[in-house]
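Worksheet: one structure, shown below.
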There are 2 protein chains.
Amino acid sequence: MKELDEMDLKILRFLQENSDITTKEIAQKIHLSTTPVYERIKKLEQQGYIKKYVAVLDREKLDRDLVVFCNITLKEHSKVIGHQFVKDILSLKEVTECYNVSGDYDFLLKVMVKDMRAYQDFVLNHLGEIENIGSAHSTFVMGEIKQTYEVPV
Amino acid sequence: MKELDEMDLKILRFLQENSDITTKEIAQKIHLSTTPVYERIKKLEQQGYIKKYVAVLDREKLDRDLVVFCNITLKEHSKVIGHQFVKDILSLKEVTECYNVSGDYDFLLKVMVKDMRAYQDFVLNHLGEIENIGSAHSTFVMGEIKQTYEVPV
DNA sequence: ACTGAAAGACGTCGAAT
DNA sequence: ATTCGACGTCTTTCAGT
């Protein structure tokens, strides 16, 4: 991180907002020519600051209208059991995010499904099949105020 | 959504995993030539299934080591107050996601900061400045088990 | 480390089948 | 839907400052 200057940060800000932008356009915006911009981007990719480039899809157009944050506690907390839980969770495609968290619960899942019926099916038939879940508490998303994948830099 | 066939879905799956892939490579993977793949992608972009293309950055390499889910309640729930809260929240760059949720709290924020000291500063000096917040309950992320921006299709 | 120019690759799109 | 082909633009590189 130390070796990044303000030019690098500006490039990162542009790219994480829209990676379709051309090297030339970035160059114009930050008042450089294309070559240094090109080389900086390559450096940022190689050094891992940029992990990958992805397409962002429209959740609702793809009929995934329901987003739920699901708080999970485990019955036991041994290393083996935790590991098995993680393995089981990773296989569920409806779970787009999973965090090990502090507080009253052990894990926080972000689940994306078509509708309430699909969520019911998810809880009963998918979560319900996983061993060692103590409790599951669902928080439903009613509105997305802000939704970005950006790292504040 | 109805008008998407299996080919379109395959293309979306590839692109949301890695948008650096060339039209030619997708064509090979799904056994089509480049022209129809190209046209399908353009259609998916124009119809809004693909919202944009972005670079995914490495949070930890950029010194944003602490992720916190912050549950907020408002003191009052009038339309005006909710609107002002939203406006205030949107101005905080540390808040990468904000949802209006069901349950014991009104809003769920995902906050990304450098460390615990920065979080303290965020809560005291940024959240603390916002009117009408009744309570804030922080859940700290200890480990990221799964973290994807993909829509399950 | 940057500029400017030049080569080459790929996205882009029309025409024909 | 496919191949072919051509055009334009961007990526990529190199010589020069």
Side-chain angles (χ1 to χ4, degrees), chain A residues 1-63 148-153, chain B residues 1-64 114 148-153:
Chain A
M1 175 68 184
K2 320 296 176 224
E3 64 259 27
L4 298 189
D5 62 14
E6 188 55 35
M7 287 299 186
D8 290 319
L9 293 179
K10 280 181 180 171
I11 291 171
L12 289 178
R13 289 186 200 113
F14 282 122
L15 287 177
Q16 74 173 342
E17 189 202 330
N18 171 28
S19 62
D20 259 357
I21 191 171
T22 63
T23 310
K24 185 190 285 185
E25 285 175 307
I26 295 176
Q28 288 166 352
K29 285 173 187 285
I30 65 177
H31 306 294
L32 283 177
S33 59
T34 63
T35 307
V37 173
Y38 172 77
E39 284 168 352
R40 281 165 181 269
I41 292 173
K42 288 301 152 194
K43 187 196 72 184
L44 291 166
E45 289 170 358
Q46 280 156 18
Q47 297 183 349
Y49 292 99
I50 297 172
K51 285 156 76 173
K52 58 178 179 175
Y53 297 92
V54 302
V56 177
L57 306 190
D58 189 305
R59 180 171 64 71
E60 296 187 346
K61 284 193 83 87
L62 290 161
D63 280 349
T148 172
Y149 305 130
E150 298 176 16
V151 175
V153 287
Chain B
M1 174 65 183
K2 321 295 176 226
E3 63 259 28
L4 298 189
D5 63 14
E6 187 56 33
M7 286 301 186
D8 290 319
L9 293 178
K10 280 181 180 172
I11 291 172
L12 290 178
R13 288 187 200 113
F14 282 122
L15 288 177
Q16 74 175 341
E17 189 202 330
N18 170 29
S19 61
D20 258 357
I21 191 170
T22 62
T23 310
K24 187 190 284 183
E25 285 175 307
I26 295 176
Q28 288 166 353
K29 285 173 186 285
I30 65 176
H31 304 105
L32 285 176
S33 59
T34 62
T35 307
V37 172
Y38 171 77
E39 284 167 353
R40 280 166 181 268
I41 292 173
K42 287 301 149 195
K43 187 196 71 185
L44 291 166
E45 289 170 0
Q46 281 158 16
Q47 297 184 349
Y49 292 99
I50 298 172
K51 284 156 77 174
K52 58 178 179 174
Y53 297 91
V54 301
V56 178
L57 306 189
D58 189 305
R59 180 171 63 71
E60 297 188 345
K61 284 193 85 87
L62 290 161
D63 280 349
R64 294 296 179 274
K114 179 177 167 54
T148 172
Y149 306 130
E150 299 177 15
V151 175
V153 288

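Residue numbers start from 1 in every chain, and the chains themselves are labelled A, B, ... in the order their sequence lines are given, proteins ahead of strands.
- For the pair A/Ile41 CD1 and D/dT13 C1', the interatomic distance rounds to 15 Å; values are reported in whole Å.
- Rounded to an integer number of Å, the gap from B/Ile11 CD1 to D/dA1 P is 10 Å.
- A/Thr34 and A/Lys24 make their closest contact through CG2-CA, 3.7 Å (heavy atoms, listed as atom of the first residue, atom of the second, distance).
- Side chain of B/Arg64 to main chain of B/Lys114: no donor-acceptor pair is present (N/O by atom type, distance under 3.5 Å, no hydrogens or angles).
- For the pair B/Ile26 CD1 and D/dT2 P, the interatomic distance rounds to 14 Å; values are reported in whole Å.
- Scanning both residues, A/Leu44 and A/Ile11, for their nearest heavy atoms gives CD1-CG2, 4.2 Å.
- For the pair A/Gln16 (side chain) and A/Val151 (backbone), a donor-acceptor distance under 3.5 Å is present.
- Considering A/Val56, A/Leu15, A/Asp20 as possible partners of B/Tyr53, the one that fulfils the side chain to side chain contact (heavy atoms under 4.5 Å, CB included) test is A/Asp20.
- A distance-only check finds no donor-acceptor pair linking the side chain of A/Glu17 to the backbone of A/Phe14 [under 3.5 Å].
- Without hydrogens or angle criteria, A/Lys51 side chain to B/Ala55 main chain gives no donor-acceptor distance under 3.5 Å.
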Every protein N/O lying under 3.5 Å from an N/O of nucleotides 3-5 of chain C:
unit_1	atom_1	unit_2	atom_2	d
C/dT3	OP2	A/Ser33	N	2.5
C/dT3	OP2	A/Ser33	OG	2.6
C/dG4	O6	A/Thr35	OG1	2.5

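- Taking NZ of A/Lys42 as the reference point, atom CD of A/Glu39 lies at 11.0 Å (rounded to 0.5 Å).
- Not one side-chain nitrogen or oxygen of A/Arg40 sits closer than 4.0 Å to the OP1 or OP2 atom of C/dA1.
- Between the P atom of D/dA1 and the CD atom of B/Glu39 lies a distance of 8 Å, rounded to the nearest Å.
- Distance CD (B/Gln46) to C1' (C/dT12): 13 Å, rounded to an integer number of Å.
- When side chains are defined from C-beta on, B/Lys61 does not count as touching A/Leu4, because their heavy atoms never get closer than 4.5 Å.
- Between the NZ atom of B/Lys43 and the P atom of C/dT12 there is a distance of 17 Å, given to the nearest Å.
- For A/Tyr38, no side-chain nitrogen or oxygen approaches OP1 or OP2 of D/dT11 to under 4.0 Å.
- Atom CE of A/Met7 is separated from atom C1' of C/dA1 by 11 Å (rounded to the nearest Å).
- At a non-hydrogen distance threshold of 4.0 Å, A/Thr22, A/Thr23, A/Lys24 from residues 17-25 of chain A come into contact with DNA chain D.
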